[in-house]
Amino acid sequence: MSASNNKAPESVIKRIEQLRSEINRHNYLYYVLDSPEISDADYDALMNELKGLEEQYPELVTSDSPTQRVGAPLSEKFNPVPHTVPMLSLDDAFSPQEVIAFDQRVKKFLNSSQEISYMLEPKMDGLAVELIYENGILVQGSTRGDGLVGEDVTANLRTIRSVPLRLMAPSEGSIPERLEARGEVFIHLADFREINSKREEAGEQPFANPRNAAAGSLRQLDPAVTASRPLDIFLYGVGVVSGKEFKTQEEILEYLKSVGLKTNPLAQRCRGIKKAIKYHEHMTSIRPELPYEIDGTVIKVNSIELQQRLGTKARSPRWAIAFKFEAARAITRIEKIILSIGRTGAVTPVAVMEPVKVGGVVVSRATLHNQDEIQRKDIREGDYVIIQRAGDVIPEVVKPLKERRTGMEKPFRMPEYCPVCGSKLVKKPGEAVWRCPNPQCFPRLVKKITHFASKNAMDIDGLGPKVAEQLITNGLVRDIPDIYTLTLSDLISVERFGEKSAQNLLQAIEQSKTTTLARFLYALGIRHLGEVSAQRLVEHFGSLEKIMAAGPGEIIKISGIGDELANSVASWFEDPKNRETVKRLLAAGIKFKDVAGKAGSKHLEGISFVFTGTLPNLKRNDAKKLVQQAGGRVVSSVSRKTGYVVAGENPGSKLEKAQKLGVPVISEEEFLNIVKYS
Ligand code: IVH
């Protein structure tokens with residue numbers, strides 16, 4: 001329907017308003033309260049109706065419409081935003097004694113011997129932001145910055161589903177002219193792990209911890225990238241709230257909740273510091289089960305009047321303290337620093353240490369990231385070092401114990417040449433990572449071949465790292481396309497290959513020739529290109545030819561694809577050697593069943609499937625192939641957007657979630673009927 005010049009009838013205006021409040025209410029139920037009332041399909045129907053009406057009457061689109069979360073263009077930089085009221089930080093305490101001392105200071109300052117009433121809250125390990133609502137509409141969002149001036153990240157904060165674009169009015173006239181709400185943006189651990197495994201698959205550096213992942217995602221110049229990262233928020237405080245006086249911190253939290261903002265349900269009020277210490281102990285014990293990282297508890301004097309009397313110091317208030325968990329730490333010795341060469345040639349120094357237990361896990365390796373990092377921390381081979389693991393997270397070397405040096409320690413220097421193939425290492429200006437430029441470098445080639453053959457790529461069963469190493473060592477495989485020239489006699493000549501295993505491998509190679517374009521693109525091992533972005537390229541361009549011909553300017557137009565990825569894809573296909581690889585692969589008989597003009601019906605386009613439990617007859621991967629052949633998608637977690645959950649024997653928690661969200665649950669037999677239908 002094209003835009004109309006007609007003035008919208010009253011009934012349409014009314015319906016749009018109705019739809020928006022209805023959708024906002026369901027967003028709130030789903031994203032803030034985590035208890036949805038309607039099914040995916042019903043939600044989509046409301047959203048589609050609203051989108052349709054807004055397309056027809058674009059003059060009625062408002063910035064707070066639920067259709068307008070993503071869509072802001074890429075920005076060049078973030079503008080500074082001064083905070084009306086400074087965003088303070090907190091003093092730390094690490095022991096009950098320090099917390100008791102804090103309580104005594106408070107009492108002394110107030111000249112009171114009475115027990116203080118405290119509000120206790122988990123200390124979220126994310127990054128602090130401020131949301132500004134004017135007359136209930138989200139008008140600006142910013143980071144804390146240095147506490148006085150933050151950065152304008154409005155477009156990115158709008159993509160967070162638990163951030164309402166419009167506040168709820170608990171009662172008539174209860175929405176203030178201006179509301180400044182403060183809180184913490186964070187990422188759930190499950191999402192953090194998923195983002196990191198995708199980054200690793202795409203040859204990118206994983207985030208060191210959830211906080212970095214949240215911060216990196218929020219400080220993205222492309223809001224589409226932020227939108228693709230599932231961030232969440234808990235609000236815990238306010239700046240200016242016009243016309244409103246709060247008596248307690250508890251009241252502030254209740255108020256934030258009443259206008260539809262998400263607050264942490266674990267917050268509690270207590271009387272006396274002993275209870276606060278108990279609460280901290282309780283948090284310590286439930287911490288391993290929480291779906292997000294916390295790094296302590298925040299203890300806040302509950303009364304605002306007392307808070308005002310106590311006042312603030314330069315950067316932190318006298319009325320609150322952060323009771324932090326100690327990170328699990330241990331001391332060990334670095335035996336040597338080795339270099340690991342990744343699939344994209346990145347040469348990463350890794351500390352090999354005497355094994356030591358940290359936070360219940362034996363650790364013997366830790367990435368040292370790069371030469372700059374090693375120099376900054378002055379880490380040497382032979383050094384005793386403190387290592388730490390925060391919660392769930394990968395171990396890191398905190399610092400060397402210089403006082404334990406004997407003089408035998410060896411400073412690390414990144415070699416000029418690749419330790420494996422001898423090529424001169426290269427580094428792009430502005431990057432800290434050194435790379436081996438030789439695509440044929442042994443460990444690179446092994447990783448490249450195994451990535452190509454991996455389950456989610458070309459799915460060549462039996463072509464793991466060991467076999468890849470043998471094929472390369474025997475000179476049978478020098479590059480990816482050589483996989484398709486292997487013969488039975490070639491394989492039999494390789495040690496440990498019997499006729500049967502050789503035939504099995506050849507058959508798996510043959511089967512891999514019929515695949516999807518997205519899998520193929522992903523299998524090529526282009527830097528930054530993960531499965532999701534590969535699928536996006538296919539959806540946008542529709543054919544390999546068009547993708548190969550696209551410049552970065554065209555690729556970047558795709559929502560969710562940033563400039564790094566766009567440049568990487570475009571320059572990969574520009575390289576004549578890579579074009580040759582693609583040609584050889586196509587010549588070997590690789591065919592795509594998912595792109596226009598090719599065989600196969602696509603009746604499942606836009607429909608996602610989640611598998612749980614063991615299917616009686618089908619292998620997971622074969623089931624996945626069937627879905628993809630029909631144009632559908634297989635995803636790993638259940639949401640209201642999921643089309644079907646296919647449950648086999650011993651299904652997991654996904655089944656429960658599906659039932660809770662009203663997502664249809666089907667058997668293998670029903671599944672086969674659906675995928676085979678055409
Ligand atoms: S209150 C004056 N409450 O901790 C009060 N902060 O070191 C200032 N944080 O920048 C903050 N959870 O990023 C407060 N429940 C909570 C918090 C919290 C996490 C972070 C926040 C802040 C930092 C202060």
Side-chain angles (χ1 to χ4, degrees), residues 81 83-94 98-99 102 106 118-131 141-151 153 157 160 162 180-188 209-215 217-219 231-241 246 248-257 261-270 276 279-280 282-283 287 290-304 306-325 390-391:
V81 180
H83 301 296
T84 332
V85 181
M87 290 180 76
L88 299 174
S89 70
L90 293 166
D91 288 348
D92 290 335
F94 288 95
E98 287 173 77
V99 171
F102 157 76
V106 167
Y118 289 112
M119 202 58 205
L120 309 170
E121 300 165 19
K123 187 170 188 300
M124 300 303 300
D125 198 8
L127 77 157
V129 297
E130 177 167 72
L131 304 174
S142 55
T143 59
R144 171 172 178 268
D146 64 1
L148 300 175
V149 181
E151 289 174 318
V153 287
L157 283 167
I160 302 177
S162 45
E180 300 174 355
R182 275 114 189 246
E184 194 89 348
V185 167
F186 63 96
I187 191 160
H188 289 256
N209 53 48
R211 178 166 30 84
N212 286 5
S217 304
L218 192 63
R219 295 190 70 266
L231 298 175
D232 203 347
I233 193 168
F234 279 135
L235 283 307
Y236 52 66
V238 290
V240 167
V241 185
F246 297 102
T248 60
Q249 166 68 8
E250 189 177 24
E251 233 180 57
I252 292 177
L253 293 179
E254 273 162 14
Y255 175 76
L256 291 170
K257 193 172 168 207
L261 293 164
K262 193 166 176 172
T263 53
N264 194 326
L266 295 173
Q268 253 178 41
R269 189 195 54 202
C270 77
Y279 176 85
H280 182 78
H282 175 61
M283 285 299 142
R287 185 183 177 202
L290 289 177
Y292 45 74
E293 275 257 281
I294 59 174
D295 56 348
T297 47
V298 184
I299 305 173
K300 299 176 182 172
V301 169
N302 193 29
S303 153
I304 305 290
L306 295 188
Q307 285 186 7
Q308 279 162 354
R309 273 174 54 198
L310 285 156
T312 64
K313 299 179 289 175
R315 311 231 96 202
S316 56
R318 284 194 198 85
W319 46 264
I321 197 157
F323 189 0
K324 299 272 272 284
F325 303 124

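In each ligand, atom 1 is the first atom listed, and ligand 1 is the first ligand listed.
- The closest side-chain donor-acceptor pair between E180 and T84 falls under 3.5 angstrom.
- Contact of the L120 side chain with the I299 side chain is registered, since non-hydrogen atoms from C-beta on lie closer than 4.5 Å.
- Counting only distance, with no hydrogens or angles, the side chain of E251 and the backbone of F246 share no donor-acceptor pair below 3.5 Å.
- Dense packing is recorded around NZ of K262, with more than 12 heavy atoms of other residues, nucleotides or ligands lying under 6.0 Å away.
- Only the side chain of W319 comes within 4.0 Å of ligand 1, judged by heavy-atom distances.
- E121 and Q249 form a side-chain donor-acceptor contact under 3.5 Å, judged by distance and modelled atom types alone.
- Below 4.0 Å from some heavy atom of P122 lie the following atoms of ligand 1, by number and element: 12 (N), 15 (N).
- A heavy-atom separation below 4.0 Å is not found between F234 and ligand 1.
- Geometrically, ligand 1 and P317 share no nitrogen or oxygen pair separated by less than 3.5 Å.
- L90 has its side chain out of reach of I321: every pair of non-hydrogen atoms, C-beta onward, lies at least 4.5 Å apart.
- When the heavy atoms of L90, T263, L253, L127 are ranked by distance to atom 7 (O) of ligand 1, first place goes to L90.
- Ring geometry, F234 versus Y292: the interplanar angle exceeds 60°, so the pair is classed perpendicular (tilted spans 30 to 60°).
- Under a 4.0 Å criterion applied to the non-hydrogen atoms of R144, ligand 1 contributes the atoms 10 (O).
- The shortest heavy-atom distance from G237 to ligand 1 is not under 4.0 Å.
- Counting the atoms of ligand 1 from 1 in the order shown, those under 4.0 Å from a heavy atom of A128 are 10 (O), 13 (O), 21 (C).
- For the pair E151 and R219, the salt-bridge criterion is met [side-chain N within less than 4.0 Å of a carboxylate O].
- Under the 4.0 angstrom criterion for non-hydrogen atoms, K300 is in contact with ligand 1.
- Side-chain atoms of H280 never come within 3.5 Å of backbone atoms of G296 as a donor-acceptor pair (strictly under, hydrogens ignored).
- Per-residue contacts place E121 under 4.0 angstrom from the following atoms of ligand 1 (heavy atoms of the residue considered): 3 (N), 15 (N), 16 (C).
- Looking only at heavy atoms of the protein, atom 9 (N) of ligand 1 is closest to E184 OE1, 3.6 Å.
- Residue S316 places no heavy atom under 4.0 Å from ligand 1.
- Heavy-atom contacts of L88 reach the following atoms of ligand 1: 2 (C), 8 (C) (cutoff under 4.0 Å).
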